[in-house]
Structure formats: structure tokens, C-alpha cells
Amino acid sequence: MPRIAKYDFKKIEKRWKDFWDKQGFFKVDTNHTEKKFYYLNMFPYPSGVLHVGHGRNYIIGDAFARYKKMQGFNVLNPMGFDAFGLPAENAAIENKTHPRDWTIANIEGMKKQFRDWGIVYDWDREIRTCEPDYYKWNQWFFLQFYKHGLAYRADAVANWCPGCETVLANEQVIDGRCERCDSLVEKRKLTQWFFKITQYAEELLKDLEKLEHWPERVKKMQYNWIGRSEGVEADFAIEGSSHILKIFTTRPDTIFGVTFMAIAPEHPLVEEFLAHEPDPHRRAQMAEFVQRALQQGEIARGAVTVEKEGFFTGHYAINPVNNERVPIYIANYVLMEYGTGAIMGVPAHDQRDFEFAKKYGLEIRRVIESEESKGELTAAFEGEGWLVNSGQFNGLSSREAFRKIGEFLESRGQGRFAVKYKLRDWLISRQRYWGTPIPMIHCERCGIVPVPESELPVLLPNVPFIGKKGLAEIPEFYQTTCPQCKGPAKRDTDTMDTFVDSSWYFLRFVSPHEQTRPFDPDAVNRWLPVDQYVGGVEHAILHLLYSRFFTKALRDMGLVKFDEPFARLFTQGIIKHLAYRCPEHNWIHPSEVKEDNKCPHCGRELKVDLHKMSKSKRNTISPQHVIDEYGADTERLYTLFMGPPEKDIEWTDEGVRGSFRFLNRVWNLVLSQARKLTDAGELNPAQFTERERTVWQKLHQTIKSVTEDIEQFHFNTAISAIMGLTNELTDYVAENPKKINKALMKHALENLVLIMSPFTPFICEELWRRLGHDDAVLEQRWPSYNSQALQAAEREIVVQINGKVRARFTVPAELSEDRAELEKRALAQIQGRLDGEQVVKVIVVPGRLVNIVVKK
RNA sequence: GCCGGGGUGGCGGAAGUGGCAGACGCAACGGACUUAAAAUCCGUUGGAGGUAACCCCCUCCGUGCGGGUUCAAGUCCCGCCCCCGGCACCA
């Protein structure tokens, strides 16, 4: 046997990388919409060097795009960079450079990494959000939003991150900490710009139902985040005052159980009460309590559940349903941001109110009774039931009472049905430098004046970077003249949240070079929604909700004609790796750790845990390292094979080696045969031997299952099917190398190479040529399976006795549906076993099994 | 606390509508090749037991735990336990 050339992945990968660059297979004419397919991966923040965990997203995307391309789709598969953001500023401070230089350098590095991975994008469509030709349109959209009342400026208690020295959106606060830097978030009262996402709360919620190809959990998260509640607003008069205390409740059926009222420390009435408090001592106490409660708000929520505390204002409210007089408290557990900032306290039927009432000795009056809850209450009963102690409403069910009491209040002008959402407006102001300047001017005479569209973009000042303070420190930037009165004025020095950038970039990709408008609306309406969107589940709320909001807002402005940006969504899981920590030397890189798990510096026992790959934990695996040792195809294959792509999973070196071994087996199989197949004739299934038929069948079964698996993103099982086929072909060769059906072998190997190519494109391109072709794999049609090949000549039937497999036999395929025949043969199989047992029943599942039910 | 998702060999994981549990890979063990090792190739591998002694083969148990439905349950139903993710004083 002639020696087979070694699988020289370095040479192969170099060759085809260059080739793909030249060919431009993913250049697409967007005027052509026939069989269009818009595939999109979430674009990355250019944070530096990518690790194998980042790779998962792009490898999935490249595999899927290649597959679609081979199926004859007109595939739009673009990539860009979410290039504004804080890390660039922090890095610039650290390295004494400019955020722009740092960002551009990272982008260049990452583009090289994509190339090394064999990932093919149409770079002519690249987007960099930090370029004026992109952020100009952020500003333009801002002005449109402003015009349509969707952008406004307001005082608000905002989330302030002391680490980033900027405010954050609600969505960016995780467990009371900054999403980016982990600092404890504080509350500050500031004047900020908002986008009115709440105007779309109902539609954002309702349209989740349309997203049938989105993961259930993502929809659920958005559903909860929007947090719709139906209830009733009720107006409580305040004794001796013209003010009205408006509350929101989802349980109007419990309104007869009200024994106190509570308002948030930030509630406007607090000022009122303070101002009119005659006793200076009490006034001081009240002020102190409010101050303390407000401070409490600054302590991380979610840390410890703070004890409920209140302060009696000395005022009373009148319950509109029974004219009872109830005390009004200021309470730390009432939130100003939700509902009306005030609640009615029903201790018997709300656990929070219950605790509060216990502490302050307030009456706990039961007004709902049910099977599960009667007699003395040891905790609030929050379930539904029948009304008691509720005047004319006694005996009604909670549900009926909800409606009747609502109507009662409405008829008397003291209440109304209402719907409230947890969703808050999107705070987009950031007090930073490296972002899109907000195109607004503050003029002492004219007030807030938008920058005229003709003057866009408002460029970031081209000055040496001066560190954290942002635009507010750069007079060259903020000194300007008012567009209206031409007098001296000041630019707004806030920049936009970078989530604005990513809320519409998927539109820009369709026509990225438009100079006079953000996108070509005709092309966008043809190509959107994105057919398949893929990214990390960490964006389930932020980016995906904002993008949906943008799409709806643009639709209402007549700029696009669709309601939802992403038709299909897939969220891939995180790749984790063991992280080693020494009590003295902190995180140790895995490559430094020997088998004994001792610190290489001091010999102490290391703490070993599985973590998401991160620079700080020093547990990242560099793709360069894997590519140098095994090649990009091995990394790609392992990444896709290691487990279901939506699940978090551990990266192991052994797994990588296994994938490398497999590629070598394929290489050896193809090369050992390729030369002998030059004179292979026509494929002639009619003449197949039985063995050849099974090979043929296996091939077509594999084509079928790989195709179906890719459609469902089941790359791991697709690859295992390919491994199964490879094993079968290897066995077939080994059985009798001299007697191989060359036509069949050629047919099988060619198809093997084609169905493998989305996963491991380099080796497949090479093998394709070695099989005698001179055109590219990406120019081939995706194989289709031959349904005749799937028909087995024989089928195996399982024989069970009382559900347990006891025998099996094969029948010719044409008999496998014949119940009587199967029963006859099955009984014959187990003849000897039925000693003294009586056959009660026989169940035949055609083509599968026969179950014989017996009794002693 | 509420809402999702999940629990299958030593490990990652397979098993359309209930129908052969453990595909594929890793690890481990045994063997071949080698002066030797690596690489490669072949074989074994859920647990317990039996038969056989060249191969076969058979029985029982086994998909987090306890019940149930069914000829048949990883899959369906009821009740628990545990893990992961999201939300969390949202009235």
C-alpha cells in the first residue's frame, strides 16, 4: 500500500483561507430577493482577543450560512463591530492611548481571528458603530424620536454607577450591581434623556406571541420584565386636605380590609406633610425617617431583604367604599417608580402589609375566606376566595368582586380600572466620551433646541483623550451657538447608551453605504426581518427588547413595514473551563497547573471550579493555541460536537484531541481511496450486493439526518451521524479492500465531504479536490437523499413477552406491515419459552415489534 | 417566594407522536505494531448474577425519589427532592 500523505492542516488552511478571500462567496446582491436568507450573528464588542468561547457563536453562524448557501439560498451574512463603549475608555486611560486607537487595533485583530477560523463574511458590509457615518444615524433617529415624542428629558432617580461614573438603564443593573464593572449601584436624582419604550409596553408584550421561533425562555424573560398587571386605581380622600391619595391595587376585592395607607418616601405628599407639620420635633423626626429610607434605597437591593419600616404622618385617608378613616404612613417598602407610589394596606391579604401591621400594631381584618383559609391568620392569605366583612359585596367571589368594586368606584368617580407595567422608560444618557453625542443644544433663551438634521453628525471632538470626565470637560465640544437665536449656547454633553447603536444595526447591513439616509427602505423591507438571529442569552432582555422597540417605533414613523426584527432566534450557551485559584497567588492559568492541582508558585492546594471563560479568572483557551496544534477545523468540529449548542458546556483538551483524531480518520479514508476511484463507473443500485446496499442506505440515512439536524441547530447529533457514516465506510473498506464498489465509494465519499463541509470547511475543500474536482465546495448543491436508498430490504422485528425483549427476527420489507404474518412469526420465535403460560393478547406494531402478553 | 429549563453509564451526551435505553465521542482497561514510548489500529466497558469455556447465550435490576395509567413509560399523570437560569418589597 502506498503511503498516504499526512493531514497537514497548516498548509491546507492557509491555501483555502486565501482562496475564500478571493472568491467572495458571501457577496450578495440585495436587489435580488429570490430565496433570500438573512443570517445574522450578534456583532461583538471589540474587547480584544477572542477566546474559544466567543468562537462558538461565529462557528455556528458560519456553518449554518455555508449550509444555506449550498442549498442555493441567497445568503446575507454580514459582520460588524459594536465599537463604542466604556472598556475602550478604561483601556485608553490604562495604556495612555485614545479609545479610537485601542478599538481599531482590536477590530483588526478580531478580523484576522475570524479569517483563521475559516469564517467567511462579506466584509464590504462591515459596520463600525464608532464611525461618524454610522453614529450620525443614531443622532438622526434621536431627532425623529424627539419629534414624535418618544425622546424626552426628565428628572429621575437614576442608577448611578460610581465605577463607570455614569448612569445606567434599569436593564443594566444586575442584583444591584453594574452589569459591566460590578460596582454597587447608587441612586441619584438627575436630569436625563429617556426613550419612551413604555408607550410600546402593550405591543411588546402582545407581539411575543408572534415570535413562534424564539426560545420560550427568552420570551418568558421579556414577558416578566414588561410585567403587566391589571388592577384598579382608587382615590382616597385625605382628611382635612384637598389632596387625594391615589393608589393602585391588583386586589380591589380586598379593599374592605384596608387598615392603613402607605406612601413611598419620594412621594410628593411627603413634602406637603412635612411643610404642614406644626410640631417641629415631629417634623424633624419625619424628615429623618424619610432621609434614612432614601439612603436605604442606595444600598444594594437584593443584598438583604430590608426590614419593613414606616412613620405615621399624622394624617388620615378615607376609604371610598366604607368611609373608614385609616392612618397614612410613609413606608420604606413602597416604591415610587411603580404604580402611583402609594398603596392601600391590607394586612390580612398581603404578606408585606401583614408584617408591617404586626410591627406597628395595626388591625388585621380578614375580608376573604376560602376552604384553605379560615379562622385566625398567622400569615397573610393571598389566595382568592369569598368576600366577608365587605358590606354589600359579601358573598361574592374574589373575581366577581374585582369587577363589581371596580365598577362601584368608577360610578362614583373615585376609581377606574387600570393596567400597570414594571417596564420603565429607557434611560439613554451616559456621562462619557466614547459614544454617540446627543444632538441637542441648551440655550438660555430658547431652552432645549435640537441640532438641525442638516448639521449632523455632531462629531466627537478630535482631541487627545483626557480620561473619565467625558464631553462635559471639553469646551471645544460644548461651546456652540443656538440654531434658533444664534446666541451662545451649550451642547448636551451626554452620549447615548451603546444599546442605541445595536438597536438598528441589522437594518444598516442591508444597505451599509447609504450616505443620505440610514438605510434603503425598499431593500430593508425586502430583506427583513432577519431570518435567523443568533447570539448569547445574556441579551434576552436588553438588546432584544430595545431592538424590538426600535423596530416598532420606526414602523410607526413609516420607515419600515414590519413589526418584529428577528423572525427566528437561537441563543447559544456559554463555554466554560476549569479555573484554578491559589489562596496566595490568585488565579492560575490552566496550562501552568500540573496534575496534582498544586500551585506552581507555592505548592498549595488549588481551588478548582468550572467558570465561564474570562480574562480575570485566567481560564480562557486561546483559539490560536488550538489552531497551531490541531487546526481550525478541529476547533470548529469540537465546538459544534461538544454538546447541544444552546447549553453551557465545559471545554476539555481530551475532547479537542478526539475531534482531531476523527479528522485524521476521514483524511486517511478519503486519501486511501481517492486515487483508486478515477475509473469508477456509473452508480448502479440495481446491481448492489446486500452489503453494498447497506452502505448505500447508511449514506442516505446520514444525509437525511444531517440535513434535518442542521435545520434544528442540532450540530452535535449531525456530527455524530457523520462519524457513524465514516465508521461504516471504514468497516466496508476493511472487510475486503480488493472488492470495493468504486462507484458507490466515490458517491459516498463525495457526499460525506459535502455534508461535512459546513462544519470543517478547510479539510473538506481539500478532500473535494483530491476526489478529482476543480470547483469549490461552496459551489456545490447540498446533497439530497434518495428515498429509495432508505428502503431497507429487510426489517428487524423485536419480540417482547410482557414488554420485555425476548427475541428478534428479520422479515422482508414487504412483509413488515403485515400484522398477521408478524404475529405468526413472532409466536414461532418464542415457541419454546411459553411453557405452561397462556397467551392472553398479542400486540403488533407494524414494522417494529410484537408484544405477547401472557399469564401463568 | 414566583416563573422558566433540567436531573439518563466514570464523563459530554443520543433516544419523531409511549414501542429494542445508553447512538456518537471522551476516559479507562486489554491486545496488535514498536528495542521502547508516542501515534495508530483491533477489542471490552451501566450494575449484579448464571450458563459456557472457541464464538454464542440467559436471568434480574437500572433514566433524581415515591406512587399511578398502559400490553409497553426516560417519554404520560399525581406527589416530593435537587441543580441551573430569570425576576424579586412591582402592591
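Just so we're on the same page: letters track the sequence lines, and every chain starts at 1. Computed from heavy atoms alone, side chains included, the values below leave out hydrogens, waters and symmetry copies.
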Does the side chain of A/E307 reach to within under 4.5 Å of the side chain of A/K359, using non-hydrogen atoms?
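The answer is yes, as the side chains (C-beta and beyond) meet within the 4.5 Å cut-off.
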Only Watson-Crick and G-U wobble pairs with both distances less than 3.5 Å should count. Give RNA chain B in dot-bracket notation, marking inter-strand partners with |.
(((((((..(((......[....))).(((((.......))))).(((((......)))))..(((((..]....))))))))))))....
Report yes if a side-chain nitrogen or oxygen of A/K308 is closer than 4.0 Å to either non-bridging phosphate oxygen (OP1 or OP2) of B/C89; otherwise report no.
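Negative; the distance criterion is not met.
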Does the side chain of A/S229 get closer than 4.0 angstrom to OP1 or OP2 of B/A91 through an N or O atom?
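Checking B/A91 against A/S229, a side-chain N or O does come within under 4.0 Å of OP1 or OP2.
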With syn defined as a glycosidic torsion within 90 degrees of 0 and anti otherwise, which applies to B/G7?
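Glycosidic conformation of B/G7: anti.
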Given atom [atom1] of [X] and atom [atom2] of [N], what is their separation to the nearest angstrom?
{"X": "A/I843", "N": "B/A73", "atom1": "CD1", "atom2": "C1'", "answer": "14 Å"}
{"X": "A/F381", "N": "B/A91", "atom1": "CZ", "atom2": "P", "answer": "18 Å"}
{"X": "A/M221", "N": "B/G5", "atom1": "CE", "atom2": "C1'", "answer": "10 Å"}
{"X": "A/I330", "N": "B/A91", "atom1": "CD1", "atom2": "C1'", "answer": "18 Å"}
{"X": "A/W225", "N": "B/G85", "atom1": "CH2", "atom2": "C1'", "answer": "15 Å"}
{"X": "A/M723", "N": "B/C24", "atom1": "CE", "atom2": "C1'", "answer": "7 Å"}
{"X": "A/E629", "N": "B/A39", "atom1": "CD", "atom2": "P", "answer": "12 Å"}
{"X": "A/N802", "N": "B/U70", "atom1": "CG", "atom2": "P", "answer": "15 Å"}

Begin from the C-alpha positions of A/F356 and A/F260 and carry the test ring pair (Phe, Tyr, Trp, His ring centres under 6.0 Å) through to its verdict.
CA-CA 10 Å; A/F356 190 83; A/F260 68 97; 5.0 Å; yes
Protein proximity profile, nucleotides 45-51 of chain B - base contact B, sugar-phosphate-only contact S, no contact -, cut-off 4.0 Å on heavy atoms:
-------
Can you give one letter per nucleotide of nucleotides 9-17 of chain B, going 5' to 3': B for a protein heavy atom under 4.0 Å from the base, S for sugar-phosphate only, - for none?
---BSS---
Only counting residues at least two apart or in another chain, list the ones meeting ring pair (Phe, Tyr, Trp, His ring centres under 6.0 Å) with [X].
{"X": "A/H267", "answer": "none"}
{"X": "A/Y630", "answer": "A/F660"}
{"X": "A/F311", "answer": "A/F289"}

Has the side chain of A/D425 got a donor or acceptor atom that lies under 3.5 Å from a matching backbone atom of A/I197?
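At least one qualifying donor-acceptor pair exists.
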How long is the straight-line distance from CH2 of A/W651 back to CG of A/N619, given to the nearest 0.5 Å?
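So the CG of A/N619 and the CH2 of A/W651 are separated by 13.0 Å.
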[atom1] atoms of [N] and [M], separation to the nearest Å:
{"N": "B/G9", "M": "B/G62", "atom1": "P", "value": "14 Å"}
{"N": "B/C60", "M": "B/G7", "atom1": "P", "value": "28 Å"}
{"N": "B/C24", "M": "B/C77", "atom1": "P", "value": "31 Å"}
{"N": "B/G64", "M": "B/A52", "atom1": "C1'", "value": "38 Å"}
{"N": "B/A38", "M": "B/U45", "atom1": "C1'", "value": "24 Å"}
{"N": "B/A15", "M": "B/U63", "atom1": "C1'", "value": "11 Å"}
{"N": "B/C29", "M": "B/C81", "atom1": "C1'", "value": "36 Å"}
{"N": "B/C80", "M": "B/A23", "atom1": "C1'", "value": "33 Å"}

Within the structure shown, what part of the strands sits under 4.0 Å from [X] by heavy-atom distance: base, sugar-phosphate, or nothing?
{"X": "A/V840", "answer": "nothing"}
{"X": "A/V845", "answer": "base"}
{"X": "A/Q800", "answer": "base"}
{"X": "A/G227", "answer": "nothing"}
{"X": "A/N727", "answer": "sugar-phosphate"}
{"X": "A/K220", "answer": "sugar-phosphate"}

Under 4.0 Å from any atom of RNA chain B, heavy atoms only: list the residues of residues 538-545 of chain A that qualify, in numerical order.
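Residues of residues 538-545 of chain A that come under 4.0 Å of RNA chain B do not exist, since none gets that close.
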Strictly below 4.0 Å, heavy-atom distances to any atom of RNA chain B: list the hits from residues 661-671 of chain A, or just say none.
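Under 4.0 Å from RNA chain B: A/R661, A/R665.
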For A/R848, is the CZ atom crowded, meaning more than 12 foreign heavy atoms sit under 6.0 Å from it?
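Check fails, neighbour count at 12 or below.
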Can you list everything that forms a salt bridge (charged side-chain N to carboxylate O under 4.0 Å, His left out) with A/E209? Sequence neighbours excluded, please.
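For A/E209 there are no salt bridge (charged side-chain N to carboxylate O under 4.0 Å, His left out) partners, ignoring immediate neighbours.
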Set of salt bridge (charged side-chain N to carboxylate O under 4.0 Å, His left out) partners for A/E202, sequence neighbours left out
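Only A/R228 meet the salt bridge (charged side-chain N to carboxylate O under 4.0 Å, His left out) criterion with A/E202.
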Minimum-distance pair of heavy atoms, taken over all atoms of A/T249 and A/M344
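Distance-wise, the nearest heavy atoms are OG1-CE, 3.6 Å.
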Provide the closest heavy-atom pair for A/A379 versus A/Q351 in the form atom of the first, atom of the second, distance.
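Minimum heavy-atom separation between A/A379 and A/Q351: CB-OE1, 3.6 Å.
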Run the salt-bridge test on A/D235 and A/R416 with the 4.0 Å N-O cut-off and return the result as yes or no.
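Here A/D235 pairs with A/R416 in a salt bridge, since their nearest N and O are under 4.0 Å apart.
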Closer than 4.0 angstrom, basic N to acidic O: yes or no for A/D8 and A/K6?
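So A/D8 does not pair with A/K6 through a salt bridge.
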Name each donor-acceptor pair under 3.5 Å that joins a side chain in residues 701-713 of chain A to protein atoms two or more places apart or in another chain, with its distance.
from: A/T702; atom 1: OG1; to: A/K698; atom 2: O; distance (Å): 2.7
from: A/K704; atom 1: NZ; to: A/E708; atom 2: OE2; distance (Å): 3.3
from: A/S705; atom 1: OG; to: A/Q701; atom 2: O; distance (Å): 3.3
from: A/S705; atom 1: OG; to: A/T702; atom 2: O; distance (Å): 3.4
from: A/T707; atom 1: OG1; to: A/I703; atom 2: O; distance (Å): 2.6
from: A/T707; atom 1: OG1; to: A/W782; atom 2: NE1; distance (Å): 3.0
from: A/D709; atom 1: OD2; to: A/T717; atom 2: OG1; distance (Å): 3.0
from: A/D709; atom 1: OD2; to: A/A718; atom 2: N; distance (Å): 3.3
from: A/E711; atom 1: OE2; to: A/Y67; atom 2: OH; distance (Å): 2.7
from: A/Q712; atom 1: NE2; to: A/E708; atom 2: O; distance (Å): 3.3

I want to know whether A/F759 and A/F641 have ring centres closer than 6.0 Å.
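No, ring centres 6.0 Å or more apart.
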Going by modelled atom types, is there a donor-acceptor pair between the base of B/C87 and the side chain of A/N224 at under 3.5 Å?
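No, the side chain and the base share no sub-3.5 Å donor-acceptor pair.
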Carefully, step by step, assess A/K219 and A/E216 under the rule salt bridge (Lys or Arg N to Asp or Glu O under 4.0 Å).
CA-CA 5 Å; A/K219 288 193 277 185; A/E216 218 42 57; 3.8 Å; yes
Who passes side-chain hydrogen bond (donor to acceptor under 3.5 Å, both in side chains) against A/R56, sequence neighbours left out?
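Result, side-chain hydrogen bond (donor to acceptor under 3.5 Å, both in side chains) vs A/R56: none returned.
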